[in-house]
> 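Shown below is the structure under consideration.
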Amino acid sequence: MSTPPRDERDYFERIYTVTTQVPPGQVATYGDIAVIVGDGCDARVVGHALGALGARADSVPWQRVINRTGGISTSGYGQREALEAEGVTFDERDHVRMASHHWTGPSETWARAHGFQPLPPREVKTPDAQLKLF
DNA sequence: CGCATGACGCCTA
DNA sequence: GTAGGCGCCATGC
């Protein structure tokens, strides 16, 4: 297939759909959502889409989407409060404990069924891995 | 059609 | 580890 035209630039709808898949007690980064949506989607676009939720904020768990540093990018929406209510824990720096709550992405079956892409495995930081350049 | 903005991310100092 | 700058894409005017 050359240049997947897709149906339309339903980036917003796709972003909302993927975000809804994030289970309670877990969080995903804007970049993660962008990768899952694929098709040129970018973390910036994800933030834009979530910001445009409006009344649909009640149907989409936007609170489970945070920045790559594990911090809350929003302000005045009680995002941290909502996450804590789900069991998400924060450290002293107001950062989510990603090691314990970072979403591993949708199941391969679900992703393919909806035309999305599963989240690639994250590199596990190990002391030995640093020495293994190739 | 071009400029400015934004709930981001990566690199460098 | 913290601070600043550039790049990314889509949307709105």
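Just so it is clear, the model here is predicted, and its values are computed rather than measured.
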> Between P on B:dG9 and OH on A:Y30, what's the gap in Å once rounded to a whole number?
8 Å
> In whole Å, I'd like the distance from the CD1 atom of A:I66 to the P atom of B:dG9.
9 Å
> With the side chain of A:D42 defined as its heavy atoms from C-beta on, choose the nearest nucleotide among C:dA10, C:dC8, B:dA7.
C:dC8
> What's the CD1-C1' distance between A:I33 and B:dG9, to the nearest Å?
15 Å
> Should the side chain of A:Y77 and the base of B:dA7 be counted as holding a donor-acceptor pair, with the cut-off at 3.5 Å?
no
> Stepwise, does the side chain to side chain contact (heavy atoms under 4.5 Å, CB included) test hold for A:L119 with A:W103?
CA-CA 9 Å; A:L119 199 62; A:W103 186 39; 5.7 Å; no
> Determine, stepwise, if the pair A:Q79 / A:I66 fulfils side chain to side chain contact (heavy atoms under 4.5 Å, CB included).
CA-CA 9 Å; A:Q79 184 171 8; A:I66 59 179; 3.8 Å; yes
> Using the test ring-ring contact (aromatic ring centres under 6.0 Å, His included), find all partners of A:F116 that sit at least two apart in sequence or belong to another chain.
A:W110
> Could you tell me whether a side-chain N or O of A:Y11 sits under 3.5 Å from a main-chain N or O of A:D42, the two making a donor and an acceptor?
no
> Produce the list of close N/O pairs, under 3.5 Å, pairing protein atoms with atoms of nucleotides 2-6 of chain B; give distances to one decimal.
from  : atom 1 : to    : atom 2 : distance (Å)
B:dG6 : N9     : A:R44 : NH2    : 3.4

> Per the side chain to side chain donor-acceptor pair (under 3.5 Å) rule, what does the pair list look like for residues 23-37 of chain A, sequence neighbours excluded?
A:T29-A:D32, A:D32-A:H102
> Tell me the salt bridge (Lys or Arg N to Asp or Glu O under 4.0 Å) pairs involving residues 78-88 of chain A, sequence neighbours left out?
A:R64-A:E86, A:R80-A:E84, A:R80-A:D94
> Which nucleotide in the set B:dG9, C:dT11, B:dA7 lies at the smallest distance from any side-chain heavy atom of A:T74?
B:dA7
> Using side chain to side chain contact (heavy atoms under 4.5 Å, CB included), reason through A:L83 and A:F90 one step at a time and then give a plain yes or no.
CA-CA 9 Å; A:L83 288 176; A:F90 290 73; 3.9 Å; yes
> Can you find a heavy atom in the side chain of A:P106 that is under 4.5 Å from one in the side chain of A:V18?
no
> Could you give the CG-to-P distance, from A:L50 to C:dT11, as a whole number of Å?
14 Å
> Just wondering, are more than 12 heavy atoms of other shown residues or ligands nearer than 6.0 Å to CG in A:D91?
yes
> Are the side chains of A:T89 and A:H101 in touch, meaning some heavy atoms are under 4.5 Å apart?
yes
> Remember a base hit wins even if backbone is also touched, and classify A:G31 as base, sugar-phosphate or nothing at under 4.0 Å, heavy atoms.
sugar-phosphate
> If I take atom NE2 in residue A:H95 and atom P in nucleotide C:dG1, what distance separates them, rounded to the nearest angstrom?
11 Å
> Mind checking whether A:Q21 and A:I36 have side chains closer than 4.5 Å, heavy atoms only?
no
> What N/O pairs connect the protein and nucleotides 2-5 of chain C at under 3.5 Å? Give each pair on its own line.
none

> Would you tabulate the pairs of protein nitrogen or oxygen atoms and nucleotide nitrogen or oxygen atoms of nucleotides 11-13 of chain B closer than 3.5 angstrom?
none

